[in-house]
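Have a look at the structure below, then the notes.
Atoms within a ligand are numbered from 1 in the order they appear, just like the ligands themselves.
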Amino acid sequence: MNTIENSQVAIVTGASRGIGAAVARRLAKDGFAVAINYASSSKEADALVAELASKGAKTIAVKADVSKADEVRAMFEVVEQQLGKVDVLVNNAGVLKTVPLADTSDALYDQTFDINVRGTFNTLREAAARMNEGGRIVNFSSTTLALNMPGYAIYNATKAAVEAFTHVFAKELRGRNITVNAVAPGPIATSLFLDGKTEEQIQTFAKMPPLQRLGQPEDIASVVSFLVSPDAGWVNGQILRANGGIA
Ligand code: NAP
């Protein structure tokens with residue numbers, strides 16, 4: 001494990017809540033200095049910084065809407081000044097609203113693509129110029145892309161774009177010794193998944209994997225921990241589905 005003095009630096013986008021918060025906790029435990037990015041949940045982000053600092057981790061909270069290129073640039077600058085050059089980028093921030101394609105408003109289409117696709121593009125572009133050699137990038141796709149369920153057309157289209165970025169960007173970083181992979185979770189018990197679903201719908205999803213439960217944020221945090229570790233050094237340009245065996 002790294003010591004705080006020489007720890008590598010990780011940015012986790014959308015780390016105020018849900019999977020991102022679990023990833024931030026896990027990477028701090030693994031010895032990284034962690035920048036906890038958020039868009040609006042400042043109380044949650046500050047509470048997480050306090051929690052991790054009390055355990056001896058070096059962490060900061062950084063407000064930035066990932067869909068805004070200038071805010072992403074400013075985020076990298078703050079992180080470099082306060083923690084150092086970035087070694088790990090986890091592109092976790094994302095939104096989901098399930099609506100049939102025919103009923104999707106222009107505003108919902110724009111918001112979903114702006115955060116899930118442009119947000120990932122903005123951080124990848126910034127990372128290309130700024131990340132340390134030997135770094136690790138983990139993007140977030142979704143197992144819903146493999147399930148083709150009604151209501152997921154727009155969301156799945158954004159995650160297909162993220163998977164395309166992952167495959168191509170891994171090759172564009174040739175010579176930098178930086179890996180680019182994506183994790184594609186199945187249903188995970190966070191507000192993104194739970195909000196707006198009946199108990200019956202939640203139970204239907206929980207029964208889908210042969211492991212017969214919903215995933216927990218920590219299930220995904222451990223996958224990210226592996227992908228950014230030295231042990232995953234030969235894994236590059238891959239999409240890792242972590243879903244209890246749904247697909
Ligand atoms: P969540 O509980 O709703 O948390 C979303 C996080 O993203 C929050 O911290 C939120 O911060 C942040 N965020 C939203 N818009 C942002 C923006 N414009 N800029 C910066 N941060 C922003 O969601 P989750 O379930 O943890 O999902 C995390 C990732 O996993 C997403 O990419 C999602 O698509 C993917 N995923 C989730 C599941 C699942 O079942 N939960 C399954 C497959 C894939 P604020 O509150 O500050 O806005």
### Task
May I have the step-by-step check of side-chain hydrogen bond (donor to acceptor under 3.5 Å, both in side chains) for Asn139 and Thr166, ending in yes or no?
CA-CA 7 Å; Asn139 294 326; Thr166 303; 3.0 Å; yes
### Task
With rounding to the nearest 0.5 Å, note down the distance linking CD1 in Ile188 to CG in Leu214.
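Answer for the CD1-CG pair, Ile188 versus Leu214, is 8.0 Å.
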#### Entry: Value rounded to 0.5 Å, distance of CZ in Arg25 from CG in Leu48
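Here the rounded value is 5.0 Å.
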### Message
Once you measure the plane-to-plane angle for Phe193 and Phe205, does it fall in the parallel (<30°), tilted (30-60°) or perpendicular (>60°) bin?
### Response
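Geometry flag for Phe205 against Phe193: perpendicular rings.
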Check [X] against ligand 1 and report side chain, backbone, both or neither, counting heavy atoms closer than 4.0 Å.
| X | value |
| --- | --- |
| Val66 | both |
| Ala189 | neither |
| Asn37 | side chain |
| Ile115 | side chain |

### Query
What's the shortest heavy-atom distance between Val62 and Ile60, and which atoms?
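Heavy atoms of Val62 and Ile60 come nearest at CG2-CD1, 3.7 Å.
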### Query
Looking at atom 29 (C) of ligand 1, what's its closest protein heavy atom, distance included?
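Heavy-atom neighbour on the protein nearest atom 29 (C) of ligand 1: Asn92 O, 3.0 Å.
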### Message
I need the nearest protein heavy-atom contact for atom 10 (C) of ligand 1: residue, atom name and distance, please.
### Response
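Answer, as residue, atom name and distance: Arg17 NH2, 3.5 Å.
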Are any of the N or O atoms of [X] closer than 3.5 Å to those of ligand 1?
| X | value |
| --- | --- |
| Ile188 | yes |
| Ser141 | no |
| Pro187 | no |
| Ile19 | yes |
| Ser16 | yes |
| Ser142 | no |
| Phe140 | no |
| Tyr38 | no |

Does [X] have a non-hydrogen atom less than 4.0 Å from ligand 1?
| X | value |
| --- | --- |
| Gly215 | no |
| Leu96 | no |
| Lys159 | yes |

### Task
Applying side-chain hydrogen bond (donor to acceptor under 3.5 Å, both in side chains), run through Glu199 and Gln203 and close with a yes or a no.
CA-CA 6 Å; Glu199 187 52 33; Gln203 286 315 316; 2.8 Å; yes
### Query
Should one rank Gly14, Ser40, Ala184 by closest heavy-atom distance to atom 47 (O) of ligand 1, which comes out on top?
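Selected option, by shortest heavy-atom distance: Ser40.
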#### Entry: Carboxylate-amine/guanidinium proximity below 4.0 Å for Lys85 and Glu133
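Looking at Glu133 together with Lys85, the answer is no, because their closest N to O distance does not fall below 4.0 Å.
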### Task
Start with the C-alpha distance between Asp65 and Ser67, add both sets of side-chain angles, then the distance that settles side-chain hydrogen bond (donor to acceptor under 3.5 Å, both in side chains), and finish with yes or no.
CA-CA 5 Å; Asp65 177 343; Ser67 70; 2.7 Å; yes
### Query
Of all the atoms in ligand 1, which lie at a distance below 4.0 Å from a heavy atom belonging to Gly18?
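Here the atoms of ligand 1 in question are 2 (O), 26 (O).
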